[in-house]
Every structure is written in C-alpha cells, then in structure tokens.
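Just below is one structure, and these are the notes that go with it.
We name chains A, B, ... by the order of the sequence lines, and we start the count at 1 in each one.
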Protein chains: 2
Amino acid sequence: MDRQEIIELLNLRGIQPSAQRVAIAQLVLGTDEHPTAEQVWQKASESLPVVSRATVYNTLNLLTENGLLRRHALKGVSSVFDGNPEAHHHFVDEETGELRDIPWDALEVSGLETLPDSEITGYMVVVRGRRRNPTTDKIAQRSRKEGAT
Amino acid sequence: MDRQEIIELLNLRGIQPSAQRVAIAQLVLGTDEHPTAEQVWQKASESLPVVSRATVYNTLNLLTENGLLRRHALKGVSSVFDGNPEAHHHFVDEETGELRDIPWDALEVSGLETLPDSEITGYMVVVRGRRRNPTTDKIAQRSRKEGAT
DNA sequence: TTCTAAGTTTAGAATTAGTCTCTCTTGCAT
DNA sequence: ATGCAAGAGAGACTAATTCTAAACTTAGAA
Ligand SMILES: [Mn+2]
Ligand SMILES: [Mn+2]
Ligand SMILES: [Zn+2]
Ligand SMILES: [Zn+2]
C-alpha cells in the first residue's frame, strides 16, 4: 500500500494524516506479520527522524479504534492460570474480561489436517462476547456462595 | 481437592510439598476460575502468614512446567497488532513465538449455537505447534520477497 | 543430636509493556 | 499578527513478571 492510499484511508475516517501516523499505518498495514508496538516503534524510527513510543502507541490504538487494525493478546507477558490442564475452549466475556471454560466436546473444529507444513501440538477456540442474562447468573452465583439450593 | 490429595499430586512429580506450594496449588486447582498471579497471591496471603509474590510466581510456573496447570495469555496487557482486521484464525509457532494467519475459510467451527446464555461477537481458532520444513519455508519466503515465481 | 548440602522462600531491584500527564508545536481561523 | 485546538513529544508512572542474593528450612548423613 502506498502513501497516498494510506492518507485516503485515514482521511475517510477523519483522522488527520500526520507524517507519523502515515508512516506507522503504512508499516503495520503493509505486512502480514504481527508486530508488537515495540517492533513498530523500531521500524518507524528508521523512516522518521524522531518518534516517541507514546506516539506509536497512540497511533496503533487510534487505528485499532477505527477498525483498521486489530489487537491480539495471544502471547506476551501477562497471563492467567488455568487449573484444568486438559484441552478445552474458552469464552472471553468482553464486558468483565472474565475467562470461562467451554468443554472440549461442545465445539468441533474441522480443516486442521489441511494446514500446510505444520506440526500441531494443540488448539483452542477462543470465543468473545458477552453473557446474556447476567441477572440470572448473579442470582445463581450468590446461591452457590451462600450454599442455598 | 483436600490438602492430602494435593500433597500426593506434588509428591508424584517429585515436587517437595512445602506449605506455600500446597496452599497455592490448592487455590488454583480447586477453582474453575482463571485467576491472575496477583489474585492467587492475594488469596494465598489470607491463608499463609507470609508469602512473597516471587514464591507465587515460582510455584505457578513450577506447576505449569509439571502439567498441573496451564497458562493462557488471552487478556491482559501485552499484545500484538494485526494489519488484517477481518476475521481469521491464527497459528502460534511455539519455537519462535511468531503468529501466522490462517484464512477464515480454512477452518470450520461447529457447535457455537449451543453455547448457553451468550451473545457471541467473534471467535477465532488458535492453533499451536511448530512449522515443519523451515528450510523450504525460508526459500519460499525469500522467493516471495524477491518477486520470484 | 548435630552438621551439612540441597532446596525453598524472601524482599527488593530490575525489566518490560503500556498508559498518563503535561508541555511544546503547528496549522489554520480570526 | 494572535489565538486556538489538535496533534506530537518527553518522561513519569503503573503493572506484570523475572531476577538476585541473602536467609531459612529440610532431609539425611555422621
Ligand atoms: Mn491512548
Ligand atoms: Mn521462574
Ligand atoms: Zn480454562
Ligand atoms: Zn492475523
């Protein structure tokens, strides 16, 4: 994608296409790698005389909010511990951030055998969404805690 | 799970069952929640006169290495940016940590409609493994970069 | 018992990822 | 020219995690 296309993309969404924003957008929209903010900052530093980390984060967040980018937490430092080491899937509640288990047998994934050149050691479906009926759930939770039936 | 069971689990793997380890293991093996290390530390602090954060991290890592626990990076602070905002799946190379795209149509997930009480906003299959034929791949990559056929 | 080596825990320093705050600059509109 | 308002920058701050080095505990051996 060339500079001009990027500028139009930004203009379309009312984002002022500053030199920094164009350079950063071009870097991350023009690759199929999945760079960390730090990596984007390093590359951006090559083409721009000066960029601060804060600008890189601000721009990446801005582009994400505008749907041009997506942010994945799949590796990286912070994590959560799972007392069930068996294979199972997960539901991430986008409101609370809570992780809930989905039993392995509840979902089926097909097509894995067609992935080229890879030895699979495991997989998991990550479903994102919000719980419906939070009221019912809260009541159920309270009952459990209080030992009520 | 009671204290004694936990102690046996640890002994089985040659892990010396210190008071701290037993308390921490009991906390995290006895819940279907997915606590952060900080949350485990807070709970552990209630039942033990003194525990340091380092012990909690050491123990959680030890239990994870021994397959009693699993560690997920699904929410939390650190992330990676994806220039393709469309729905697709991901392959995580366990050797390099690299994330690679799997096209949406390459995999199919069934059973989602049966998830109770939840409104799904999106989902993704996360496959973990190692690439086979890294040599071939490197050649393929170079060819692509150089515009060779 | 007492000693000792190995294993474990600790507080705090260091590191890494990310956000926040405040200041400085720049591109216009008056 | 003057004055905003939006944007960008530096650096302080926070949070998650690991590292370090010293202190403590334990299981055996003597
Ligand atoms: Mn921001
Ligand atoms: Mn460790
Ligand atoms: Zn789980
Ligand atoms: Zn992707």
Task: B:Arg53 CZ - C:dA14 C1' separation (whole Å) - done: 15 Å
Task: Any B:Tyr57 side-chain nitrogen or oxygen under 4.0 Å from OP1 or OP2 of D:dT17 - done: yes
Task: Donor-acceptor pair, side chain of A:Glu98 and main chain of A:Val92, under 3.5 angstrom - done: no
Open item on the list: In whole Å, I'd like the distance from the CG atom of B:Leu74 to the C1' atom of D:dA16.
Closed with: 16 Å
Validation: residues 42-50 of chain B side-chain donor-acceptor distances under 3.5 Å, sequence neighbours left out:
| unit_1 | atom_1 | unit_2 | atom_2 | d |
| --- | --- | --- | --- | --- |
| B:Ser45 | OG | B:Trp41 | O | 2.7 |
| B:Ser47 | OG | B:Ala44 | O | 3.4 |

Task: Which residue lies more 5' along DNA chain C, comparing B:Pro17 with B:Phe81 via nearest heavy atoms - done: B:Pro17
Task: C:dT16 OP1/OP2 closer than 4.0 Å to side-chain N/O of B:Ser78 - done: no
Task: Cationic N near anionic O, under 4.0 Å, A:Arg100 to B:Glu33 - done: no
TODO: Consider only side-chain heavy atoms of I, L, V, M, F, W and Y, link residues closer than 4.5 Å, and tell whether B:Ile24 and A:Val80 are in one cluster.
DONE: no
Task: For A:Trp104 against A:Ala87, the heavy-atom pair lying closest together - done: CB-O, 3.5 Å
- [ ] Select one nucleotide: of D:dA10, C:dA11, D:dT18, the one nearest the side-chain heavy atoms of B:Arg71.
- [x] D:dT18
For nucleotides 20-28 of chain D, give me every protein contact, N/O to N/O, under 3.5 Å, one pair per line with atom names.
none

Listed pairs under 3.5 Å, donor-acceptor, residues 66-74 of chain A side chains, sequence neighbours left out:
| unit_1 | atom_1 | unit_2 | atom_2 | d |
| --- | --- | --- | --- | --- |
| A:Asn66 | ND2 | A:Leu62 | O | 2.9 |
| A:Arg70 | NH1 | B:Pro85 | O | 2.7 |
| A:Arg71 | NE | B:Ser79 | OG | 2.7 |
| A:Arg71 | NH1 | A:Asn61 | OD1 | 2.7 |
| A:Arg71 | NH2 | B:Ser79 | OG | 3.2 |
| A:His72 | NE2 | B:Asp82 | OD2 | 2.8 |

Please set out all donor-acceptor pairs under 3.5 angstrom arising from side-chain atoms of residues 119-130 of chain B, sequence neighbours excluded.
| unit_1 | atom_1 | unit_2 | atom_2 | d |
| --- | --- | --- | --- | --- |
| B:Thr121 | OG1 | A:Glu94 | OE1 | 2.9 |
| B:Thr121 | OG1 | A:Arg128 | O | 3.2 |

- [ ] Compare side-chain N and O positions of A:Asn61 against OP1 and OP2 of C:dT19 and report whether any pair is under 4.0 Å apart.
- [x] yes
Open item on the list: Just the rounded figure in Å: distance from P of D:dA6 to CG of A:Leu62.
Closed with: 14 Å
Task: Any residue meeting salt bridge (charged side-chain N to carboxylate O under 4.0 Å, His left out) with A:Arg21, in chain and number order, not counting sequence neighbours - done: none
Task: Integer-rounded Å distance: C:dG18 C1' and A:His72 NE2 - done: 18 Å
Task: Any B:Thr55 side-chain nitrogen or oxygen under 4.0 Å from OP1 or OP2 of C:dT10 - done: yes
- [ ] Return yes if some donor-acceptor pair links the side-chain N/O of A:Thr55 with the main-chain N/O of A:Val51 below 3.5 Å, else return no.
- [x] no
TODO: Specify the separation, in whole Å, of atom CG of A:Leu60 and atom P of D:dG7.
DONE: 16 Å
- [ ] With a 4.0 Å heavy-atom cut-off, tell me which residues in residues 18-49 of chain B come close to DNA chain C, sorted by residue number.
- [x] B:Ser18, B:Gln20, B:Arg21
